[in-house]
Amino acid sequence: MLHLHDTATGAVRPFEPRTEGEVSMYVCGPTVDNLPHIGHGRFNLTYDVLRRYLLFNGLRVDYVSNVTDIDDKIIARANAENRSTADVVEQYERAWFEAMDGLGVLRPTHAPHATGYVQDMVALVADLVGRGVAYETSDGVYLNVEQVDGYGLLARQNLDSLRSGARVESTEEKRSPLDFALWKKAKPGEPTWDSPWGPGRPGWHTECVVMALDLLGDAFDLHGGGIDLIFPHHENERAQAVAQGRDFSRYWVHNGWVTVDGTKMSKSLDNFTTLPDFLAHHDARAYRLLVLRARYRSPIEVTPDTVVDAEKGLERLDTLARRFGMEDLLAQTSGGYVVEGDPPATGMEPDALNAFRWHMDNDLDTPGALAGIFDLVSAAHSDADAGDGKEGHLLAHTAAVLSAALGLPLRGQASAIDAESARLVSARDEARRAKDFVRADALRDELVAMGWTVEDTLSGTAIRR
RNA sequence: GGCGGCGUGGCCGAGUGGUUUAGGCAGGGGCCUGCAAAGCCCCGUACCCCGGUUCGAAUCCGGGCGCCGCCUCCA
């Protein structure tokens with residue numbers, strides 16, 4: 001059974017969904033004010049793998065991830081570039097999904113926009129005001145966190161210590177420095193919506209509560225995001241639900257981030273590599289492999305060296321797929337790369353499957369799961385080298401299915417070969433048959449110069465790019 | 001200041017007290033090959049420091065040292 005680390009309890013707990021056979025998960029989505037970077041990639045890959053593993057186990061998954069399309073930074077960019085916020089949103093939302101598609105991240109089942117939920121957010125804020133836990137000031141409406149039971153649960157701190165560490169300056173009107181804006185009254189040059197408190201726009205922490213509860217219902221299963229969202233974002237989401245007397249997320253899952261020279265990669269530090277840039281130069285699967293080699297809660301260092309390392313590891317997997325002719329499996333999984341239900345029944349090596357599950361059930365121990373897959377790679381080659389093609393094929397197939405279950409489909413197809421290259425290949429085979437190795441080597445050099453990797457196989461020269 | 005996390009072999013990176021071992025990459029040796037490539041086999045004997053618990057600790061406890069993060073927008 002799957003066990004997950006839950007930030008609210010600080011412990012790894014058995015994951016028991018609200019409804020048997022069905023999982024409802026909410027993953028904080030992007031603010032579409034800029035291109036996504038590889039940290040966003042890591043974060044989405046984390047929850048994509050969780051989702052795929054749930055699917056692999058035959059569960060249905062309702063996966064909601066929002067798009068924050070109204071925010072200070074969007075407004076700032078629009079004003080700076082003399083465009084509408086809608087224009088900015090359109091551009092970066094498209095870039096976001098293109099990048100996620102490129103990474104093989106499955107699309108959310110729902111991707112609600114904040115601007116589509118403003119009326120509901122106004123209703124939530126009004127309800128909180130009516131309950132006396134929120135109050136109006138000259139610049140907005142704030143939630144009084146001191147009236148919320150268990151505020152600080154996710155931060156694992158009590159109110160006093162949170163208050164003493166607060167770096168945000170308190171205004172005269174705020175009752176506590178920790179109180180946060182549910183509604184921001186309009187300033188000049190901003191998009192606005194009507195509300196009982198005049199024109200304005202919702203605060204950031206409100207949208208996720210409203211959309212999660214609307215689309216997934218009370219006490220939905222799981223809420224995911226980066227560690228840096230724990231406080232204040234997730235704490236404040238929870239606070240709003242609690243203040244309404246509603247049950248919010250049953251499990252809180254948080255991923256570690258991407259570091260550069262040991263320091264967090266973030267928009268504010270401007271030390272990021274964008275995903276479009278990364279994907280233009282690397283196989284997306286190499287990044288997924290790089291991410292999966294560390295546990296999701298650990299930081300990962302992304303450097304040219306670690307990327308090359310992952311690319312070589314991926315090559316080892318693809319080599320297996322080529323040797324054992326895995327085109328069929330690729331075809332099965334390429335349309336989203338999902339392995340669903342209980343595929344293991346069909347021709348999987350049982351011990352390897354059990355080991356895979358054991359690792360994944362342990363709070364998504366993907367490094368352990370991968371180690372098992374790499375063991376299968378060695379064993380499959382070894383069996384095939386020893387002449388046991390049948391056993392080798394079973395192991396290779398198992399490795400490929402498990403890899404695909406992680407969203408990492410192996411590429412077994414031969415590269416498309418142009419007529420000229422094909423001519424050189426057959427000329428080389430002819431020369432080798434004639435034991436004219438000088439000519440054979442010259443032809444090999446020629447192919448290599450054309451960008452091919454040349455290998456000899458039982459059936460003659462094989463080339464690939 | 002409060003809270004959280006981390007320090008593992010050349011590099012990345014697992015490790016849920018104890019049998020043989022994470023795994024990947026790089027490196028060395030061998031097999032295979034006309035030579036290569038790919039593949040296979042063998043090789044490193046690592047756990048920041050100091051104590052403690054234990055028959056036994058990388059793993060648990062205490063104390064150091066160092067690093068990172070959250071407490072402000074941030075995946």
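Fair warning: this is a prediction, and the values are worked out from it, not measured in the lab. Naming: A, B, ... by sequence-line order, numbering from 1 per chain.
Applying the Watson-Crick and G-U wobble criteria (two distances, each under 3.5 Å), rG44(B) pairs with nothing in any strand.
The nucleotide whose nearest atom lies closest to any side-chain atom of Asp309(A) is, among rG24(B), rA37(B), rA75(B), rG24(B). Here the side chain of Glu301(A) is nearest to one of rA75(B), rG13(B), rA38(B), namely rG13(B). Between rC70(B), rA14(B), rA37(B), one nucleotide has an atom nearer to the side chain of Asp228(A) than all others, and that is rC70(B). Residue Asp365(A) places its side chain closer to rA14(B) than to any other of rG34(B), rA14(B), rG2(B). Closest to the side chain of Asp441(A), from the set rG34(B), rA75(B), rG23(B), is rG34(B). Distances from the side chain of Asn255(A) to the nucleotides rG34(B), rA38(B), rA75(B) place rA75(B) closest. Side-chain proximity of Asp385(A) to rG39(B), rA22(B), rA75(B): nearest is rG39(B). With distances taken from any side-chain atom of His37(A) to the nucleotides rA22(B), rA75(B), rG24(B), the minimum falls on rA75(B). In the set rC3(B), rC73(B), rC70(B), the nucleotide with an atom closest to the side chain of Arg156(A) is rC3(B).
Using a 4.0 Å cut-off, no side-chain N or O of Arg316(A) falls inside it from OP1 or OP2 of rA38(B). A sub-4.0 Å separation between OP1 or OP2 of rA14(B) and a side-chain N or O of Ser298(A) is present. At rC40(B), one or more side-chain N or O atoms of Ser378(A) fall inside 4.0 Å of OP1 or OP2 (strictly under the cut-off). Residue His40(A) has a polar side-chain atom (N or O) positioned under 4.0 Å from OP1 or OP2 of rA75(B). In terms of phosphate contacts, Arg295(A) brings a side-chain nitrogen or oxygen within less than 4.0 Å of OP1 or OP2 of rG15(B). Side-chain N/O atoms of Lys312(A) include one lying less than 4.0 angstrom from OP1 or OP2 on rA26(B).
Look at Phe231(A) and the base of rU72(B); the rings do not stack under the cut-offs of 5.5 Å between centres and 30° between planes.
In this structure, the CG atom of Leu292(A) is 14 Å from the P atom of rG13(B), given to the nearest Å. Whole-Å rounding puts the Asn362(A) CG to rG23(B) P distance at 18 Å. Rounding to whole angstrom units, CG of residue Asp388(A) and C1' of rC40(B) are separated by 15 Å. Separating the NZ atom of Lys73(A) from the C1' atom of rU72(B) is a distance of 11 Å, rounded to the nearest angstrom. Whole-Å rounding puts the Leu314(A) CG to rC12(B) C1' distance at 16 Å. Distance, Asp429(A) CG to rU33(B) P: 17 Å, rounded to whole Å.
Among the atoms of the strands shown, none is found under 4.0 Å from any heavy atom of Thr31(A). Base contact: Gly39(A) has a heavy atom under 4.0 Å from a base atom.
The base of rA38(B) lies outside donor-acceptor range of the side chain of Arg322(A), with no N or O pair under 3.5 Å.
Between Ala431(A) and Ala440(A), the shortest heavy-atom contact is CB-N, 3.9 Å.
Counting heavy atoms from C-beta outward, Val64(A) and Phe220(A) have side chains that stay 4.5 Å or more apart.
Atom NE2 of His397(A) is separated from atom CE of Met348(A) by 6.5 Å, given to the nearest 0.5 angstrom.
Taking the P atoms as reference points, rC71(B) lies 48 Å from rU20(B), given to the whole Å.
Note: Phe356(A) and Phe56(A) have perpendicular aromatic rings, judged against thresholds of 30 and 60 degrees for the angle between ring planes.
Figure legend: cation-pi geometry between Arg465(A) and Trp452(A), with NZ or CZ positioned under 6.0 Å from the six-membered ring centre and within 45° of its axis.
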